[in-house]
Amino acid sequence: MKRTRTPEGSSYTPRSAMPDYLIRHATLRQLQVFEAIVRLGSFTRAAEELFLTQPTVSMQIRKLTDAIGLPLFEHVGRNVEPTEAGLELYDACRSMFESLANLEMKVSDLKGLKRGRLRMGVVTTAKYLAPDILGGFSKLYPGIDLALKVTNRESIIERMLANVDDLYIMGEAPEGDIEIESHTFALNPLVVMAARNHPLVGRKNIPLSDIAKEPFIVREPGSGIRDVTFRTFDAKGLRPNVRMELGSNEAIKHAIAAGLGLSVLSLHTLSLEGTEGAVAVLDVEGFPILRHWNLVYPKGKELSLVARTFLEFAIGNEPNIRKRVQKMWPALKHLLKEEKKGPARKKKASPKK
Ligand code: PGA
């Protein structure tokens, strides 16, 4: 940016570089709403993400359209798409928000760890783990504001591509979509669950082909666990007998307990009630799938001091998480010892895309 010296020696930006008209007529909030609609491809999803009502979102866009003086969206079939002016504005928003996020990070680094903000995006299933770690972090650094977005794997990848959060927790780092830095930090065993009174409970080494015959419940498309589940059946030339699709781990646990079917879920989903409750863990060949949680961020992203400190804190927390998971399901200890002896089981159990 070109700066000129004033007689007093301080620097200033020539007025001609200021977008006066937009400064008077548009607001950052309107631009934030607009950016979210284009990024998420929908007014409804933008309203959800920003915790606004639909009429508020529409009103903000009407005002922004007036300020720009050209339509920002057009209807293409049942979808809304940005117009040419909308696309130009989107590019401007992205670079402006990038600069502001950078500024926020630098200012927060100047304040040290006394003040600041950590924005985390975590996959649905990590909600059983993230609050605990954030709780410990918050005790150490009470001045840091925490924001936690919980959504499925597909939406987390979208958020990462748009550089929305500081750090992400995922069950499996994304491949292909984006170059990333990934730090493995805790165990995430996936197990087959059934109602406590199901006839398969207590049977040893149940063949996956027997599981494939049972009514099965799966997470919604876009879920990481759904992908791994289908890949695991696929690797054996099998298909689960899907009876129901549900968008939440809690809903799936209730459906299992109600006898509606079996499902593959993370052991972490039982962290409150344990494995002796209404939902039981089955002993199935190839299970548990010994996955790990990963702390992920886009390659080249400059992490704030707060984010770097959290990363180290979370990695240092691994032994506690491992202990908690083993306490919940003692059979795991033995399996982990076996895994240490030879990695073959892990490789076989977690086929890649
Ligand atoms: P999900 O992801 O909650 O979107 O299924 C969890 C995982 O990938 O382990």
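Counting starts at 1 for both ligands and their atoms, following the listed order. Treat the numbers as computed from the prediction; the structure is a model and nothing was measured.
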Numbering the atoms of ligand 1 from 1, which are under 4.0 Å from a heavy atom of [X]?
{"X": "G224", "value": "1 (P), 2 (O), 4 (O), 5 (O), 8 (O)"}
{"X": "N152", "value": "4 (O)"}
{"X": "G171", "value": "7 (C), 8 (O), 9 (O)"}
{"X": "N188", "value": "9 (O)"}
{"X": "T124", "value": "3 (O)"}

| Got a sec, which pairs hit ring pair (Phe, Tyr, Trp, His ring centres under 6.0 Å) with one end in residues 144-198, sequence neighbours left out? |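 Qualifying pairs: none.
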| said: Test: ring pair (Phe, Tyr, Trp, His ring centres under 6.0 Å). Region: residues 30-86. Which pairs qualify, not counting sequence neighbours? | reply: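 Of all non-adjacent pairs touching residues 30-86, those that pass ring pair (Phe, Tyr, Trp, His ring centres under 6.0 Å) are F34-F73, F43-F73.
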Do [X] and [Y] get their side chains close enough for a donor-acceptor pair, meaning under 3.5 Å?
{"X": "Y297", "Y": "E302", "result": "no"}
{"X": "N249", "Y": "T269", "result": "no"}
{"X": "R219", "Y": "S248", "result": "no"}
{"X": "E214", "Y": "N241", "result": "no"}
{"X": "N102", "Y": "S99", "result": "no"}

| said: Heavy-atom distances under 4.0 Å decide this one: backbone, side chain, both or neither, for M170 against ligand 1? | reply: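 It is neither; nothing of M170 touches ligand 1.
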| query | What do we get for L190 next to ligand 1 when only non-hydrogen atoms under 4.0 Å count, side chain, backbone, both or neither? | reply |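 It is neither part, as no heavy atom is under 4.0 Å.
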Judging by distance only, is a nitrogen or oxygen of [X] under 3.5 angstrom from one on ligand 1?
{"X": "R226", "result": "no"}
{"X": "R291", "result": "yes"}
{"X": "R153", "result": "yes"}
{"X": "I225", "result": "yes"}
{"X": "R219", "result": "yes"}
{"X": "G222", "result": "no"}
{"X": "W293", "result": "no"}

| said: Tell me whether the rings of H25 and Y21 are parallel (<30°), tilted (30 to 60°) or perpendicular (>60°). | reply: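 Ring orientation, 0 to 90° scale: parallel.
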| task | Give, for atom NZ of K236 and atom OG of S209, the distance between the pair rounded to the nearest 0.5 Å. | result |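 Reported value, rounded in 0.5 Å steps: 8.5 Å.
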| For the student: nearest non-hydrogen atoms of R196 and V279, plus distance |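 Nearest heavy atoms, R196 then V279: NH2-O, 3.6 Å.
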| task | Could you find the nearest protein heavy atom to atom 5 (O) of ligand 1 and give me its residue, atom name and distance? | result |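 That would be S223 OG, 2.7 Å.
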| query | Which protein non-hydrogen atom lies closest to atom 3 (O) of ligand 1, naming both residue and atom, and how far is it? | reply |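 Of the protein heavy atoms, T125 OG1, 2.8 Å lies nearest.
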